[in-house]
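What follows is a structure written as structure tokens; I'll ask about it next.
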Protein chains: 2
Amino acid sequence: MLKDIDLQLLRKAPLFSSLGPQELGQLLDSASALSLQAGEQLFAEGEPAQAFYVVIEGSMRLYKLSAEGNEKVIELIQAGETFAEAVVFLGGRYPVHAAALSPARLIRIDNTEFVRALRSNNNLAMKMLASISMRLHQLVNDVRALSLESAGQRVAGYLLELAGEAGAGSEVLLPAQKHVIASRLGIKPETFSRVLTGLREQNLIDLEGQHIRLPDAAALRRWRDNHR
Amino acid sequence: MLKDIDLQLLRKAPLFSSLGPQELGQLLDSASALSLQAGEQLFAEGEPAQAFYVVIEGSMRLYKLSAEGNEKVIELIQAGETFAEAVVFLGGRYPVHAAALSPARLIRIDNTEFVRALRSNNNLAMKMLASISMRLHQLVNDVRALSLESAGQRVAGYLLELAGEAGAGSEVLLPAQKHVIASRLGIKPETFSRVLTGLREQNLIDLEGQHIRLPDAAALRRWRDNHR
DNA sequence: CGTGAGTTTGATTCGAATCAATGGAAGTGG
DNA sequence: CCACTTCCATTGATTCGAATCAAACTCACG
């Protein structure tokens with residue numbers, strides 16, 4: 001069963017903002033809430049997919065494994081965001097593994113019900129197209145970064161992205177443990193650590209655990225653009 | 001103006017297969033044909049986008065550039081395929097550069113007209129969702145390969161993908177010059193060459209210019225799974 | 001406290017890039 | 001039709017960035 005509080009949060013997801021109250025209600029008739037412990041796995045790659053999810057609280061990591069068991073974090077999902085929506089159109093199998101980064105509460109939305117809503121509500125379909133297109137764009141940028149940028153450039157770029165438009169002195173909180181961020185950036189934890197201390201030594205960042213301050217975002221941007 | 005022949009080919013693109021004759025006709029009222037010489041650039045990253053394209057003949061490469069001018073081929077587009085459709089939802093700017101690999105004929109489809117069609121035709125919207133989702137999946141796999149696989153594994157995987165389900169002795173034709181394929185795979189031409197000769201020396205492939213034969217796809221798959 | 005996961009730091013190795021030359025194949029123009 | 005240029009691919013020697021291996025260190029937590 002869903003609580004009213006959940007519904008409030010759900011409405012905030014851009015994907016659902018176009019739905020009227022009764023449309024949303026219909027979609028949620030088949031929805032259910034669930035909780036995950038930190039580290040708990042939600043689904044595995046290749047598993048048949050009957051649903052996608054909205055994160056109400058906590059955060060998730062989506063990742064792939066190599067044959068040798070090495071892990072690459074594809075995406076970090078924060079509260080308020082949806083994930084695995086595109087699976088409806090992918091032959092009904094999850095293309096990644098999903099696990100909770102922290103204790104999490106999710107809403108599970110049934111695929112068939114969602115497709116019904118998509119078919120009947122053109123606005124929803126447009127929102128969905130916009131949402132998937134954004135993700136596509138993100139991934140293209142990840143591919144570019146992995147292929148054309150050094151570890152240092154990717155780290156700097158990531159910090160700047162987290163800082164957003166915020167001006168000087170902006171403080172950033174890493175959305176996960178450092179080794180998870182490292183994997184997200186396609187580098188090893190050791191390398192991530194070295195890059196961060198390197199940046200600190202040049203006074204380009206202030207480092208305090210997961211909290212990082214960017215005293216001079218412009219200088220950091222310059223460093224990224226010039227550096228190897 | 002469009003020729004009838006073009007229309008035949010257009011209908012083959014999965015995106016348009018759901019359209020009735022008059023819907024397609026309406027979409028194509030605002031469409032136009034154009035030709036490109038080999039190597040000619042169609043659009044640059046960041047350029048405002050009023051249209052997307054269908055390749056009627058020839059092939060295209062979509063690529064990104066680094067600050068230093070290095071190039072990463074994101075995708076190779078063959079005749080019959082569409083590209084840059086998702087741009088409608090991306091703030092109207094192309095996220096990549098596009099240039100012809102060989103002499104090419106394209107059909108240019110106006111964005112505003114296309115959005116109109118999307119809004120009025122739910123089937124088209126669903127097809128579009130499916131199409132973009134596939135590309136998303138592809139990119140996730142590229143990210144995985146770039147992060148978790150060695151150069152050799154990526155090359156072997158690419159050859160196997162080109163060969164498709166075809167059984168033993170299948171012959172594959174590289175869809176572009178080798179340095180372009182190398183960039184697509186995120187490696188340098190020299191490395192690509194070395195990997196191919198390595199595979200040849202182990203009799204895992206037969207090499208004749210752009211033609212590559214896979215005498216034993218299973219063995220190649222095994223090599224990829226075991227090798228570094 | 002002690003235990004263990006997570007992070008940092010150091011030494012070394014390794015894969016792929018870079019730098020450098022050579023070898024063809026394709027196309028151009030005399 | 002053959003030099004000549006040019007582009008592309010291959011091969012070799014070397015360098016370099018990041019991974020790996022190994023050890024210390026730091027906390028959060030039982």
Side-chain angles (χ1 to χ4, degrees), chain A residues 37-39 61 66 68-73 99 101-103 145-156 158 173-201 205-212 223-224 226-228, chain B residues 37-39 61 66 68-73 99 101-103 145-156 158 173-201 205-212 223-224 226-228:
Chain A
Q37 299 176 317
R61 76 180 206 279
S66 71
E68 306 95 50
N70 294 321
E71 177 178 319
K72 168 66 170 98
V73 172
L101 275 170
S102 57
L146 285 170
S147 307
L148 296 174
E149 291 184 350
S150 69
Q153 289 175 314
R154 296 205 294 277
V155 170
Y158 184 68
L173 177 62
L174 295 181
Q177 292 172 321
K178 289 185 178 170
H179 70 269
V180 176
I181 307 291
S183 172
R184 164 70 242 276
L185 295 174
I187 60 184
K188 296 289 154 183
E190 294 95 322
T191 302
F192 188 47
S193 175
R194 283 186 241 271
V195 169
L196 287 181
T197 61
L199 289 174
R200 190 192 48 200
E201 280 164 4
I205 62 173
D206 285 337
L207 204 48
E208 262 176 66
Q210 310 224 322
H211 295 268
I212 298 180
W223 181 91
R224 179 194 53 177
N226 294 332
H227 219 261
R228 84 202 56 170
Chain B
Q37 298 176 317
R61 77 179 207 277
S66 71
E68 305 94 52
N70 293 322
E71 179 177 318
K72 167 68 169 96
V73 171
L101 275 169
S102 56
L146 285 170
S147 307
L148 296 174
E149 291 184 350
S150 69
Q153 289 175 313
R154 297 206 294 277
V155 170
Y158 184 68
L173 177 61
L174 295 181
Q177 290 170 319
K178 288 185 178 172
H179 70 270
V180 175
I181 306 291
S183 172
R184 165 70 242 278
L185 296 174
I187 59 184
K188 296 288 153 184
E190 293 95 322
T191 302
F192 188 48
S193 176
R194 283 185 241 269
V195 169
L196 287 180
T197 60
L199 289 173
R200 190 192 48 199
E201 280 164 3
I205 62 173
D206 284 337
L207 204 49
E208 262 176 66
Q210 311 224 325
H211 296 268
I212 298 180
W223 181 90
R224 179 195 53 175
N226 293 333
H227 219 264
R228 81 203 58 168

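Every chain is numbered from 1, with letters handed out A, B, ... down the list of sequences.
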### Bend angle of the helix from C:dC1-D:dG30 to C:dG30-D:dC1, from helix axes over five pairs at each end, nearest 10°
30°

### Task
Do nucleotides 21-30 of chain D as a string where each nucleotide becomes B, S or -: B if the base has a protein heavy atom under 4.0 Å, S if just the sugar-phosphate does, - if no protein is that close.
B---------

### B:Ser102: side-chain contact (heavy atoms from CB on, under 4.5 Å) partners, not counting sequence neighbours
B:Ser59

### Task
Looking only at non-hydrogen atoms, find the nearest pair between B:Gln210 and B:Gln177 and report the distance.
NE2-CA, 3.6 Å

### ring-ring contact (aromatic ring centres under 6.0 Å, His included) partners of A:His211, counting only residues at least two apart
none

### Task
Extract, from 5' to 3' on DNA chain C, the first and final nucleotides lying under 4.0 angstrom from some heavy atom of chain B.
C:dA16 to C:dC19

## Note on the structure
Heavy atoms of B:Gly39 and B:Ala99 approach each other most closely as O-CB, 4.2 Å

### Message
Do B:Ile181 and B:Pro175 have side chains that approach each other closer than 4.5 Å (heavy atoms only, starting at C-beta)?
### Response
yes

### Query
Is there a side chain to side chain contact (heavy atoms under 4.5 Å, CB included) between A:Arg154 and A:Leu146 once you walk through the steps?
CA-CA 8 Å; A:Arg154 296 205 294 277; A:Leu146 285 170; 4.0 Å; yes

Under 3.5 Å, which donor-acceptor pairs do the side chains of residues 191-200 of chain A form with other protein atoms, sequence neighbours left out?
| residue | atom | partner | partner atom | Å |
| --- | --- | --- | --- | --- |
| A:Thr197 | OG1 | A:Ser193 | O | 3.4 |
| A:Thr197 | OG1 | A:Arg194 | O | 2.9 |

### Query
Between atom OH of B:Tyr158 and atom CD1 of B:Ile212, what is the distance when rounded to the nearest 0.5 Å?
9.5 Å

### Summary
Nearest heavy-atom approach of B:Leu101 to B:Ala176 is CD1-CB, 3.9 Å

#### Entry: Exercise: identify the closest heavy-atom pair between A:Arg224 and A:Gln153
O-NE2, 3.1 Å

